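In this text the structure is predicted, and so the values were computed from the model without any measurement. A note on names: the letters A, B, ... follow the listed sequences, proteins ahead of strands, and every chain is numbered from 1.
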Amino acid sequence: MPPQPAQGRTPAAASSTSTSANSTSTTSAPHNPIAKVIWEGSIPIQFSWDKAEAAAVGSSAVESFFYEAQRCSYLSLLTSHVRKHFVDMALHFIGDDAEVWYDYEGTPLKWHYPIGLLYDIHGLQASSGRGMNGSLLPWKVTVHFQNFPGDKLIKSQAVDSCQDFFMSMIKEADYLRNGSTKKVMNMSKSDQTQLWDGLSSNNYDRFWGMNYKLMQNDGVMARNLPIRIYLPESCPVIQEPVSPIDDREQPKTLRQILNASLPDLFPLVETGPPVAAAMIHGVIPSLDTSAIWASQNMSYPDNFLHLVIIIK
Amino acid sequence: MTSDTSAHQQSIPSARLSYSDFEIAIKAFLHQTRHHIPWNYVEYSPRRGQPLQGYLTLTKLVHSHHTISGAHSTTINTQAIGAPTIDPADQLLLDELAEQLTDIPDGDDYEDEENGPVTQQSKDTTLDYLSVNYHIVFSPSYQVPVLYFNAYRPDGAAISLEELYEFLVPEEWRGAIRNAGLNGGISQQDHPVLNTPYFYMHPCETVPLMETILQSNSSPTSVGDGPSYLERYVVTWLSLTGQAIGVSVPTNMVAANTY
């Protein structure tokens, strides 16, 4: 089930210490305060209907829809709530979830990116590039019901597409770690479903109870870490196979990983003030952090560590 | 291990490619097809200060006989190179791919279709020309080439996934491709270079498929004469995967390269 309307945090998430009533899983999530805090990260979003579209259906002054969105969730999972709000506001308007799309300051938002990643790229990365420091919250997102920009956004069949995309990322991460997608493909249908259901119903125990198995990889050292690096200004996303260990079989740090792809921005030895930083979930971790630790604990639910580069 | 250590050992062909392997492979393919198919090599800068990389593009008009009745009659013709015919050797390769694409070992879909993906004419058709952009791009995750494509109507409108199955995928292939993997064999995602939506063939079965082919076709000692396995890689791969979405390799090239 989708999250509660107008409240991203469900009571169940807040009281996870008591046995969750709807937890039917045989495996519960192991204790991991980092993963828990990341899971609970949220962003207040102000959704406003595109002015021209609203005016076209005779609804010029429609109230915004405010929502405390989970960073790890997807816009597609909010669409039915967003649409309902505006349909309730405007008579004779129905709309269609599959036609809904979002933009921030004119840039269409990719629904297949987690919300937190979108905010870090289009909000924090972009505003730091313009030298702005003021608060961007609530994040002001514009909602469209028409003119889906098919040349810029993948055509979505609402929630189903989002689930398919999520699972293809999980598969790709598995392939990077193990050289095949057997671990995911051999999961039972209900185990696969548990990942998505846990995420879409904001049920930490349900998601991490299953995701823990993928992340720990049965104790086998990953061949490569699932990492994607986002540079400013729509440069192609950097995604290269990254071994978690160096030539001496020592765990690589985030700095070593970033240096391999972006040596100018991330020198192994800083000779002056750093020129760039890597942001995960809106925070800037130390570059001495072990990359495999970061991957296992700070990845998004799609199993990728999404690093957003902030140029200083 | 990463491909960097294994891919350059000619005696043990690896189905996994490094980017530099991929570049050798697509440049060889470009040379081999230069008289047959107008593929282009497109260079781009991954980011400042990094060496240029490349991918292949082909724009093709596909003449699709779209059936109104939905009967067994999707036809694909190529304006540039004429309608390809399938010879028995290719059919074997195609059947092999079909088995790789389906998770069900018994390829009932295929046994029922004696003719394979040979075109059949139907009277009850509407004509539609599609302009299809095909891109062969390296996937650093899967370490194989990936086929990306978009198809446009004459008015420039891009076609949807459903229309793509209907117009571009031969009917005999649809079931197998739809049922491949978790979400079907074709999906949309952002083009890794252009960062805009493209369809693509899922690459997660490419390595097992190419390993099967390489093992059955290459003798480790035959390095000296004829194209190397890297030089054959794209022809072999595309002859297996491209047919399903309307891009083919001339039959004589397949024969010459896969012996």
Side-chain angles (χ1 to χ4, degrees), chain A residues 98 108 110 112-113 148-157 160-161 163-177 179-182 184-185 187 189 192 196 223-243 261-265 304 309, chain B residues 1-6 14-19 44-50 53 55 103 137-144 146 150 152 156-164 180-184 186-200 202-208 211:
Chain A
K110 295 180 193 291
H112 55 289
Y113 281 19
F148 191 95
D151 57 332
K152 298 191 177 70
L153 295 180
I154 295 169
K155 185 67 178 168
S156 154
Q157 295 303 319
D160 286 350
S161 299
Q163 179 175 2
D164 289 349
F165 209 95
F166 175 77
M167 286 311 297
S168 73
M169 291 292 280
I170 295 266
K171 261 170 69 180
E172 187 168 338
D174 187 31
Y175 195 96
L176 281 160
R177 284 190 294 251
S180 80
T181 55
K182 287 200 184 84
V184 172
M185 298 304 280
M187 287 169 82
K189 190 74 185 167
Q192 287 182 14
W196 176 251
R223 291 171 176 232
N224 293 299
L225 297 176
I227 294 181
R228 290 169 62 106
I229 302 173
Y230 301 82
L231 288 166
E233 296 174 3
S234 306
C235 291
V237 178
I238 302 173
Q239 187 179 325
E240 290 162 355
V242 177
S243 170
S261 296
L262 300 165
D264 295 348
L265 295 178
F304 272 79
I309 304 303
Chain B
M1 289 293 105
T2 62
S3 62
D4 290 339
T5 52
S6 59
S14 168
R16 290 173 208 274
L17 306 181
S18 66
Y19 173 75
Y44 68 99
S45 171
R47 51 197 170 271
R48 202 160 46 88
Q50 298 274 315
Q53 297 195 349
Y55 61 94
D103 292 325
V137 189
F138 182 63
S139 164
S141 287
Y142 290 99
Q143 298 179 296
V144 291
V146 178
N150 269 342
Y152 304 90
I159 69 171
S160 69
L161 181 60
E162 277 310 304
E163 292 169 317
L164 189 132
L182 291 177
N183 319 321
I186 300 174
S187 308
Q188 232 184 346
Q189 74 169 14
D190 291 325
H191 189 291
V193 180
L194 305 175
N195 203 19
T196 56
Y198 268 74
F199 293 106
Y200 74 110
H202 280 286
C204 57
E205 289 302 316
T206 303
V207 164
E211 276 173 352

_Can you give me the closest heavy-atom contact between B:Arg16 and A:Gly179, atom names plus distance?_
NH2-O, 2.8 Å
_Value rounded to 0.5 Å, distance of CD in B:Gln143 from CG in A:Leu176_ = 8.0 Å
*In this structure, which one of A:Val184, A:Thr181, A:Asp174 forms a side-chain contact (heavy atoms from CB on, under 4.5 Å) with B:Cys204?*
A:Thr181
*Heavy-atom distance under 4.5 Å between the side chains of B:Arg47 and A:Ser261, does that happen here?*
yes
*Would you call B:Glu163-A:Lys155 a salt bridge at under 4.0 Å N-O?*
no
*Under 4.5 Å from a heavy atom of chain B, the part of A:Leu231 involved*: side chain
_What part of A:Pro226 gets within 4.5 angstrom of chain B, counting heavy atoms only: side chain, backbone, both, or neither?_
neither
*asked:* With a 4.5 angstrom heavy-atom cut-off, is it the side chain or the backbone of B:Tyr142 that approaches chain A, or both, or neither?
replied: both
_Atom pair NZ/OG1 of A:Lys110 and B:Thr196 - distance to nearest 0.5 Å_ = 7.5 Å
_Rounded distance (nearest 0.5 Å) linking atom CD1 of A:Ile154 with atom CG of B:Asp190_ = 4.5 Å
*Which atoms of B:Gln189 come close to chain A, meaning under 4.5 Å heavy atom to heavy atom: side chain ones, backbone ones, both, or neither?*
both
*Taking only residues two or more places apart in sequence or in another chain, which ones pass side chain to side chain contact (heavy atoms under 4.5 Å, CB included) with B:Tyr152?*
B:Asn133, B:Asn150, B:Ala158
_If I compare all heavy atoms of B:Pro46 with all of A:Pro236, which pair ends up nearest, and what's the gap?_
O-CD, 4.0 Å
*Sequence neighbours excluded, which residues qualify as side chain to side chain donor-acceptor pair (under 3.5 Å) partners of A:Gln239?*
A:Glu172, A:Arg228, B:Ser141
_Testing the basics here: between B:Gln188 and A:Phe165, what is the closest heavy-atom pair and its distance to 0.1 Å?_
O-CE1, 3.5 Å
*If you take all heavy atoms of B:Pro140 and A:Pro241, which pair is closest and at what distance?*
O-CG, 3.2 Å
